[in-house]
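In what follows, every chain begins at residue 1, and chains take the letters A, B, ... in the order their sequences are listed. Excluded from the calculations below are hydrogen atoms, water molecules and symmetry mates; all remaining heavy atoms, backbone and side chain alike, are included.
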Amino acid sequence: MTVFVEDWQAAYGSPYLVQPDDQGVSGAALVEDGPEFKAHPGVPVNGRHERIAFVDGVRRGEAALYQHDQLSGQVARGVAGSHACGGVIADGEHRPEYTDQVVQRLVIWGSGKTGGLPDVTGGWRWDCRSIADEAPEAPLAALQQRMRQQEAVLADRLCADGYLVVVDGPLSYLRNLDLPVVGYVKTHSKALLAPEYHRRIPELRPGERSSIFSLGRDRYSCYMRLAPVSGLSGPWAGVVRLEVPQSAGLLPATEVVDRVAGIVPRYAGIAYRDPRAPQNLQPVGALEATLRHLLGDPGLAYRAVREAIHKLSQVEAPA
Amino acid sequence: MSELTTPGPPSAGIGLVDGAVEATTRRFSLLLQDDAVVQLDDLVAVTQDLPDGRSLTHYGIVVEGFGTIEGAEMSSDTRRIAGTRTMPGEAIRRVDVQVLRTVPELWLPPAPGAEAHRASGPHRANALFLDQMEQPIAVGLDQGTEPVYADFAFMNGDKGGHISISGISGVATKTSYALFLLYMLFETDPGRALLGAHGPQTRALVFNVKGEDLLHIDRPNGKFRAKPEAAAQWAQLGVDSPGRFERVRLYSPRSQSSRPGSISTDVKSRPAAEVRAFGWSPLEFIRQGLLRFCFSDASDQRNQISFVEQRVRLQLARWAYPLENEPGAVVLAPPPAGTSFNMARVIQERRPPRPAGQGRPFRDFSDLLDFLTDVLVPEEGAAGDSTWTGNVAPATALAFIRRLAAQTPRMGHVIAAQAEPVALEEPVTVVDIHALHEDAQRFVVGALLSQIFEEKQGQGREPLRFVVLDELNKYAPKEGTSPIKEILIDIASRGRSLGVLLIGAQQSASEVEPAIIRNAALKVVGRLDAGEAGEYRFLSSELRERASRFLPGTMVLDQPLIPAPIPVRFPFPAFATNVSEGRSGTEEERKAASAEAFARLG
């Protein structure tokens, strides 16, 4: 038994969360090299490369809200929060640039409740949404879901604009599954391949990707090791998973995967700079930081919510 | 006085008032637009609409610039953003602005986020208080070669007077700037218009303390044509054909080696006929009480010598009779009974000349030394004549004589019967003192300043007398007292109303009597010694640091109307400021001319 240490900082947990007895998912099957698992060396692209767009989003619950029905004693939960998404476009030659950064500020009510908040000075205004779910965590989950949707919309658009698009996270929310769009998955919560293949994934050397496997009926996927790792790091250090739509067929999908696999290693995160390096790519790390910044000061946001609720109470209960 | 206008929208925007940095009534930051080029000293305007409906414009001067890449948290991020280009980041340029003025005068900060414009045209005039200036005179050009003005009312003694110029030798161009100001006043139409009806009687006395440099300002500058930008700069100042000082009289001290009766100078770079030898006749020496300037070293004031000097000065006046047939020379003989002991009264007496035999003739400084030795320290240990010594101890009288004897070779030659006094008959008079011993320099400066000051007493402010004096620290040092320092302090405090205006220069203001610096309405600083920069509190810390890197020709001008010092440049002079410039044409031009002559002959 060898002892390793996780590259990610402890606060971010581990990117490898697979249970030891995980048998893989039934819908996953190796397709590229027949039923075999192989390592495909990457072809690193130096200098200028095709125009690539990294898309990511952030979200933040800013205040938990309640509606209390005095007659029934029922409590409905809601959240006031914000989400933002945007992109970074790069071509290896010009300075990477931010694009299409959008912020949305929402109040989401669970239990089918409604009710907006009045605007507050300083530019605070909320759009109101309602979900049927009564679970306490449902409003926040809805916020996350909306962020993913927003990411997917931007990814579709940039893809249509001719960019090779890399979306942070799996492709689940993309409506239009046309190439070239690639999901970039940093964490591994469950095994996808059967155990005999799954245990061979750590054999991948830096820059190499695994054979492509199908994932259900809509996606292809493969693992790749992004960057060289130190002897101290665990076997899964620096391993990410790419997802591409199946709709165009295996050959075009393979071609897109190879293009991305050639480009992303140079954008790998820097260990001392990013607690989730190397998986968290540099443009994505910078994008997350600016998006978080664009959400505004969290203290001010909370204060604005309180002020809005205060206004509301005065309207409802005039003196 | 031009009208204060509220001009229409200024030129295109250059940036926004930075909201991440607090904007105050004194300072604010601008976030620059990507296409804006804004450098130090640029003037900006920011207009906001107040809640009460009024419009308020802030005018300011850029005092510092900053650049950073937002998103770069570590220095190595810069490489990722700008080098390997794997990380996005936004380059930000900011400038800090010092507020010069608000129109209308409201003590409010600029609005964060407000758009800033370059202050040009009427906005620039507002920023530099041109509407407040009764008599604007161009005193230099800013970075963008627009003229910067000062109010002549602060130069002519009306609201203020005196100019103090500081900076290290060689690169600070203190004298050049003083001459530039004189040129603007005396040789240009706007300058003459400012001097007005008294213009023809206005005089400038310039002391030349370095080489024979200033003995050439009445000649065109041979190197002027090699500087094509200079003519354009002069034109910006409203001077279309800059040239030499037209009417200058040059004085140099009577030569030390001149025989009795001769009045030649030691000047090498000009023909003898073009430079007058100056000096004082024994009669003038006594009547003006110039003996006090023979003891102008600060250490002379700490002992009893000054007491003896006062006594001797008065006695000389009481004993002096004109020497028959030798104008300027004096016969020293006992005064008539009842002669006053009041100096002012004594010198008003019109005494008939006497022949040499009736007393001790005083034709030159040695005669004076001999005479005073006899009356103050007679031989064989006898006590001196108490009417002359004032009963001081013999050792003090001896010290006085020793000091006077030491001064004889230093300044004796400027006291001679035939010597011609300095007369301010031309608009500009240059008095060369560079070759004199320091004590003699103090004597000459003290004598001339007191002469000018005396002449102006009771005459009113105009016509004005400008005095350009470099190395002010020699004449009015911070520590100690001396007769000449007293005169300079007097000029600094009262000269304004008498129209005697000092354009003083020094390496470091800290070495000069503070009252003199304080009284200067215009303070000008050229290149400063980095160690000295701390002394100039009227400069912002940025400017102090920057002043230690100024190139020749750049000065900072602090004037009462404008609350921030403004850096200015002045053009290369079209008059010669040293021997080589005074020659016709440059070395290259002459070489080319002679080569061409040979070619023609060959």
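Other residues, nucleotides and ligands place more than 12 heavy atoms under 6.0 Å from the CZ atom of B:F66. Heavy-atom contacts from other residues, nucleotides or ligands closer than 6.0 Å to CG of B:D34 number 12 or fewer. In A:R303, the CZ atom is not crowded: 12 or fewer heavy atoms of neighbouring residues, nucleotides or ligands sit closer than 6.0 Å. Under a cut-off of 6.0 angstrom, the local environment of CD in B:E90 is sparse, with at most 12 non-hydrogen atoms contributed by other residues, nucleotides or ligands.
Interface residue A:Y272: backbone and side-chain heavy atoms are both found under 4.5 Å from chain B. Heavy atoms closer than 4.5 Å to chain B are found nowhere in A:H293, neither backbone nor side chain. With a 4.5 angstrom heavy-atom cutoff, B:E73 touches chain A via backbone and side-chain atoms both.
When side chains are defined from C-beta on, B:T84 does not count as touching A:R266, because their heavy atoms never get closer than 4.5 Å. Side-chain contact between A:I270 and B:M74: absent, with no pair of heavy atoms (C-beta onward) separated by less than 4.5 Å. Contact annotation: the side chain of A:P96 never approaches that of B:M87 to less than 4.5 Å [non-hydrogen atoms, C-beta and beyond].
When all heavy atoms of B:G89 and A:R95 are compared, the pair lying nearest together is O-CD, 4.3 Å. In plain terms, the two heavy atoms of A:P283 and B:P88 that are nearest each other are CA-CD, 3.7 Å.
With rounding to the nearest 0.5 angstrom, the CD atom of A:Q282 is 14.0 Å from the CZ atom of B:R85.
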